[in-house]
Amino acid sequence: IKSSVTARDKMQSDDWICINLDSFNDQQSLYAIYCNPVGIQGDSRFASNQEDHSFDMVYYSKGKIYKRTGEYEKAIQYYKKAFSLFESGITLESNNENLQNSINYVNNSLGVLYYELKDYKKALSYFTKCEKLSKTYHKEFLPITYENIADCYFKMKNYDDAEDYFKLAVKYHLAGKKQVYKYLLSN
């Protein structure tokens, strides 16, 4: 058995075990949790036939836990730590779809938190980042992203922009449903 004490996520040359979690049950994306014989851990996300080791479940998960317990400031702190790790990977793999999707998840999570804190301007800035990334990497996020942006504009009493984004949300939501129906009818 080959094993070494090394930094987290750096034990791929060792013997290790892995648990794959297909949380959407779609056989298209999964989360992987690794451990070598001396307990060094690693994690990754797999989507679009690419494995992304820059994904860090620890910070992102801590952020989600703090959000669920209502400790929004701590949640923001951990989401920002996760974001800084993901962002540092951009210079190395700027076209990495998985990395961009991870950044999108964190942006959305931060937007939701700031919305809950009634800081709609900051929430809008994160949702706008989601919109940009979703157009390129994750089009299925567009309906909810547009809805989130519309909600922010509505809370800020900018009703014209709110209406425009609600219309976009409906448009993309219906377009997504049409794709599902076409798929179901073809099989």
Side-chain angles (χ1 to χ4, degrees), residues 23-24 26 28-29 45 47-48 50 52 54-56 59-91 93-186:
S23 58
F24 296 109
D26 62 2
Q28 300 295 313
S29 61
R45 269 189 60 223
S48 304
Q50 293 182 357
D52 178 15
S54 68
F55 179 75
D56 192 322
Y59 289 143
Y60 187 74
S61 295
K62 278 187 174 183
K64 284 180 81 166
I65 290 167
Y66 281 122
K67 179 186 179 288
R68 287 185 184 143
T69 62
E71 297 181 67
Y72 294 155
E73 295 300 328
K74 283 186 179 179
I76 288 169
Q77 175 187 350
Y78 280 101
Y79 282 139
K80 285 185 175 182
K81 283 182 181 184
F83 186 81
S84 68
L85 285 176
F86 298 145
E87 202 172 41
S88 69
I90 290 175
T91 56
E93 301 174 66
S94 58
N95 291 324
N96 181 325
E97 183 176 343
N98 289 327
L99 181 61
Q100 299 296 347
N101 288 338
S102 296
I103 291 169
N104 212 17
Y105 282 116
V106 175
N107 278 326
N108 184 68
S109 298
L110 285 164
V112 168
L113 282 168
Y114 282 114
Y115 184 89
E116 293 292 324
L117 291 169
K118 300 182 181 356
D119 188 342
Y120 305 118
K121 190 174 180 179
K122 245 185 199 168
L124 182 61
S125 73
Y126 284 104
F127 292 140
T128 302
K129 291 175 187 178
C130 284
E131 176 187 20
K132 183 179 177 185
L133 285 172
S134 295
K135 284 180 178 179
T136 305
Y137 295 100
H138 230 267
K139 289 187 182 1
E140 63 270 19
F141 275 3
L142 282 172
I144 191 68
T145 300
Y146 287 142
E147 187 177 336
N148 289 339
I149 291 170
D151 285 339
C152 287
Y153 279 129
F154 186 82
K155 291 291 189 177
M156 294 165 44
K157 299 185 188 314
N158 184 339
Y159 300 120
D160 290 337
D161 286 338
E163 181 181 9
D164 291 343
Y165 275 94
F166 276 128
K167 286 178 181 176
L168 282 170
V170 169
K171 174 185 169 185
Y172 278 88
H173 182 69
L174 292 175
K177 278 190 169 185
K178 285 180 187 175
Q179 292 295 335
V180 171
Y181 293 142
K182 283 181 186 177
Y183 173 77
L184 291 173
L185 291 173
S186 70

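- Relative orientation of the Tyr78 and Tyr66 rings is parallel, given thresholds of 30° and 60° on the angle between their planes.
- At a threshold of 4.5 Å between non-hydrogen side-chain atoms, the residues Tyr146 and His173 do not count as touching.
- Note that OH of Tyr165 is 14.0 Å distant from CD of Glu147, once rounded to the nearest 0.5 Å.
- Ser125 places a side-chain N or O within donor-acceptor distance of the main-chain N or O of Lys122, the cut-off being under 3.5 Å.
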| task | Show your reasoning for whether side chain to side chain contact (heavy atoms under 4.5 Å, CB included) applies to Leu124 and Met156. | result | CA-CA 10 Å; Leu124 182 61; Met156 294 165 44; 4.2 Å; yes
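- When all heavy atoms of Cys152 and Tyr120 are compared, the closest pair comes out as SG-O, 3.9 Å.
- For Tyr72, there are no ring-ring contact (aromatic ring centres under 6.0 Å, His included) partners, not counting sequence neighbours.
- Pro143 approaches Ala169 most closely through the heavy-atom pair O-CB, 3.5 Å.
- The distance from atom CD1 of Ile144 to atom CZ of Phe127, rounded to the nearest 0.5 Å, is 8.5 Å.
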| task | Decide yes or no on side chain to side chain contact (heavy atoms under 4.5 Å, CB included) for Phe141 and Tyr172, but give the supporting numbers first. | result | CA-CA 9 Å; Phe141 275 3; Tyr172 278 88; over 6 Å; no
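- No side-chain heavy atom of Lys167 sits under 4.5 Å from any side-chain heavy atom of Lys171.
- With Asn108 as reference, Val112 is the one residue of Val112, Asn104, Leu110 to meet the side chain to side chain contact (heavy atoms under 4.5 Å, CB included) rule.
- With a 4.5 Å cut-off on side-chain heavy atoms, Asp164 and Asp161 count as touching.
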| request: In sequence, state the C-alpha distance, the side-chain angles, and the governing distance for Ile76 and Tyr114, and then conclude on side chain to side chain contact (heavy atoms under 4.5 Å, CB included). | output: CA-CA 9 Å; Ile76 288 169; Tyr114 282 114; 3.5 Å; yes
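- Tyr115 OH to Asp151 CG: the interatomic distance, rounded to the nearest 0.5 Å, is 4.5 Å.
- We find the CD1-SG distance between Ile149 and Cys130 to be 8.0 Å, quoted to the nearest 0.5 Å.
- For the residue pair Ala75 and Gly63, the shortest heavy atom distance occurs at CB-O, 3.3 Å.
- Taking CG from Asp119 and OH from Tyr126, the interatomic distance works out to 10.0 Å, rounded to the nearest 0.5 Å.
- A ring-centre distance under 6.0 Å is found for Phe154 and Tyr159.
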| message | Go through it in stages, so that I can follow the logic: the residues are Lys129 and Ile103, the test is side chain to side chain contact (heavy atoms under 4.5 Å, CB included), and I'd like the CA-CA distance, side-chain angles, deciding distance and then a yes or no. | response | CA-CA 9 Å; Lys129 291 175 187 178; Ile103 291 169; over 6 Å; no
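- If you take OG1 on Thr145 and CG on Leu168, they are separated by 11.5 Å, rounding to the nearest 0.5 Å.
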